[in-house]
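Just so you know, ligand 1 is whichever comes first in the structure, and atom 1 is the first atom listed for that ligand. The figures here come from the full heavy-atom set of this structure, side chains too, leaving out hydrogens, waters and symmetry mates.
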Amino acid sequence: MASQLDALNRWVDEVARLTQPDAIHWCDGSDEESRALTAQMLGDGTLVALNPQTHPNCYLHRSNPSDVARVEQLTLVCTRNKDDAGPNNHWMEPAEAHKKIDALFAGCMKGRTLYVIPYCMGPIDSPISRCGVEITDSPYVVANMRLLTRMGAPALARIEREGKFVKGLHSVGELDPERRFIMHFPEELSIKSYGSDYGGNALLGKKCHALRIASWQAKSEGWLAEHMLIVGIENPAGETTYVAAAFPSACGKTNLSMLIPPEGYRKAGWKVWTVGDDICWMTPGADGRLWAINPEAGYFGVAPGTSKTTNPNALATIQHDTIFTNVAVTADNQPWWEGLPGTPATDWQGRPYDRANGPVAHPNSRFTVSAKQCPSWSPQAEDAQGVPISAIVFGGRRPSLVPLVFQARDWTHGVLVGTAMVSETTAAATGAVGVLRRDSMAMKPFCGYNYGDYFAHWLSLDKPGATLPKIFHVNWFRKGADGKFLWPGFGDNLRVLEWIIGRCEGTAHAEETPIGFVPGKRDLHLEGLDIDDHSLDTLLDVDTEGWIDEVADIGRYLDSFGNHTPAALKAEQQRVAEALERDDKPARKAAAG
Ligand code: SAT
Ligand code: MN
């Protein structure tokens, strides 16, 4: 019988004929291999060693200054029918796309080594996990994939057993923004990426495979591939509730997944366990619940703002064995970014620090580190069956209108709430920062098919026998008239999570409003928190007039997906619009007491 690896060998040969590398290296993921690659990258300047006393085995990579973020306009979904990619994606016809990018790949690895990286997204023995192979000419990509995925021999063994894997071909090319594409071929389960060495463009297991290709597979196979963190909240009785939460890139997913409880909670025995900080694969179990794994094995987190006050767990995680990309350094060669104490000596481009040059660390500078180094890392992240999800939380950056937290009435309403998500754009993608846009389920840049069909897929999970999570929406970013945040955020977000868990268990009280269930002031546990009544009133207020306009706009947004928008979702939007028209706010407030 022909080995299952024949297909892989044939593909590697084919790629080598096209790209003409000097050498081919199959990555086994061993420590020796990693040491040799690190030495090579230190030798040619790809990596710079950081202070070995304060940061053992930590390295800095300075990227090409024109290659620091995802490029949405060059990221394409190439399906036979344009309609299948949808208006949410940039599209190119597959044959044309292959021709265009293969011309770039021709001979591009001359003088370079071609690395073959077999990897597994998810625990190596989990039925929910999926394998892929990335071919790349970037040793920096190899080093990052080693931290972010289960890479090397065990993954290759699983591929040999299953014979199925996602093909990812990557070359840094000339790092020329004019010769750059990130192409997805979901019908072929393949990815081709040329001309960038940046995270989401080049680490093909992450956004390209685990979200764009996986979301396509999930649709036909009945599961969900989502841009969500997974966190376990353990109460003083020792019971852990798992929550999955979607926020757009650089809106605090890593912080929430590693939250440190406020002092009162800590003393009472509350604990927080990190399962994942960016991606969540959820699949219905035999019991009808959704069971989730984190397909990744490490974090690719935003460095600026990470500090002792905002995220002490992340800071502890990245003290050793970490790759830093585009951060600044201090005079004694420690990594530095805005939010840390001390003073930088050299900026992210290696220039002497000069305030006139703008941010010292790049706003999208990153750390890459193994998840197991995190003090709050959950051993359940290795469980083959995953963890059961009780609540799904959607969130965005909304300076006004949207309350601190509310609960959707049911699954269909919850899907509408996720669909309507809005956030400001961030430095994780090139382009203007701070522009409000709809970002349904935080998947706008990552859904590998037509958003209308994706909404329908979400609705389809609600079927007889399903015990689905309750759905919530949070907004930590509401501002007062003075432009300051009304809610302290960070550790105090556990107060909101406690209410969410209470709602899942049927113990927490709420007031019914046209947009869903909102806690009254007395329903949140606020002991030990210094917040005035007026701020709380604003945070929990449902402004009927403002929401009438918002829901009308949601209706126009749903219409932008034409006949792909599920009728049930449009009907739900109508239901909320009518409830708002009927809303008698004074009577509602009086009834709530
Ligand atoms: O796309 S990355 O994974 O590099 C970062 C992000 O936007 O979440
Ligand atoms: Mn992300």
Side-chain angles (χ1 to χ4, degrees), residues 61 63-64 67-75 89 119 121 134 136 138 140-141 143-145 147-149 168 170 172 180 182 184 191 193 195-215 225-231 244-258 274-281 294-306 314 323-327 362-369 371 393-397 421 423-431 433 437 439-448:
H61 173 71
S63 79
N64 185 304
D67 185 35
V68 293
R70 281 182 289 101
V71 277
E72 293 185 5
Q73 71 283 6
L74 301 176
T75 301
N89 280 302
Y119 63 86
M121 299 312 289
E134 174 165 0
T136 181
S138 165
Y140 168 77
V141 164
N144 277 272
M145 287 288 283
L147 293 169
L148 294 179
T149 72
H170 168 254
V172 295
R180 181 175 292 164
I182 297 92
H184 303 74
I191 305 153
S193 166
S196 168
D197 210 17
Y198 168 75
N201 301 332
L203 311 174
L204 302 187
K206 196 171 171 62
K207 298 299 178 15
C208 300
H209 176 168
L211 288 178
R212 296 196 193 92
I213 299 288
S215 63
E226 298 300 325
H227 193 203
M228 292 179 179
L229 65 92
I230 308 166
V231 66
F247 295 82
S249 298
C251 282
K253 283 206 302 298
T254 304
N255 289 349
L256 186 61
S257 74
M258 297 178 188
T274 311
V275 180
D277 82 325
D278 195 39
I279 303 180
C280 166
W281 287 357
N294 170 13
E296 299 191 276
Y299 313 120
F300 183 65
V302 179
T306 304
I323 300 172
F324 294 90
T325 301
N326 292 338
V327 299
H362 189 276
N364 193 36
S365 56
R366 298 272 171 167
F367 53 77
T368 316
V369 68
V393 178
F394 295 118
R397 248 176 210 275
M421 266 176 70
S423 198
E424 291 173 348
T425 51
T426 68
T430 55
V433 166
R437 70 167 181 188
D439 186 353
S440 300
M441 281 81 170
M443 286 285 278
K444 166 74 187 71
F446 307 120
C447 180

Taking only heavy atoms of the protein into account, state which residues are under 4.0 angstrom from an atom of ligand 1, in chain and number order. Arg70, Tyr198, Gly199, Gly200, Lys206, Lys207, Ser249, Phe300, Arg366, Ala428
Strictly under 2.8 Å of the Mn ion (ligand 2): which protein N/O/S atoms qualify? Lys207 NZ, His227 NE2, Asp278 OD1
For the residue pair Asn364 and Asn326, establish whether any side-chain heavy-atom pair is separated by less than 4.5 Å. no
For the CZ atom of Arg366 and the OG atom of Ser63, what is their distance to the nearest 0.5 Å? 12.0 Å
Where do Val231 and Val275 land on the side chain to side chain contact (heavy atoms under 4.5 Å, CB included) test, with the steps shown first? CA-CA 5 Å; Val231 66; Val275 180; over 6 Å; no
Looking at Glu72 and Arg437, does any basic side-chain N land under 4.0 Å from a carboxylate oxygen? yes
Could you please spell out the steps behind the side chain to side chain contact (heavy atoms under 4.5 Å, CB included) verdict for Phe300 and Leu147? CA-CA 9 Å; Phe300 183 65; Leu147 293 169; over 6 Å; no
What distance do Glu134 atom CD and Ile191 atom CD1 have between them, rounded to the nearest 0.5 Å? 8.0 Å
Would you say Thr368 and Asn144 are linked by a side-chain donor-acceptor pair, where the criterion is simply a distance under 3.5 Å? yes
Measure centre to centre between the rings of His227 and Phe247, then say whether the value is under 6.0 Å. no
Give the C-alpha distance, both sets of side-chain angles, the deciding distance and a yes or no for side chain to side chain contact (heavy atoms under 4.5 Å, CB included) between Met228 and Phe394. CA-CA 9 Å; Met228 292 179 179; Phe394 295 118; 4.0 Å; yes
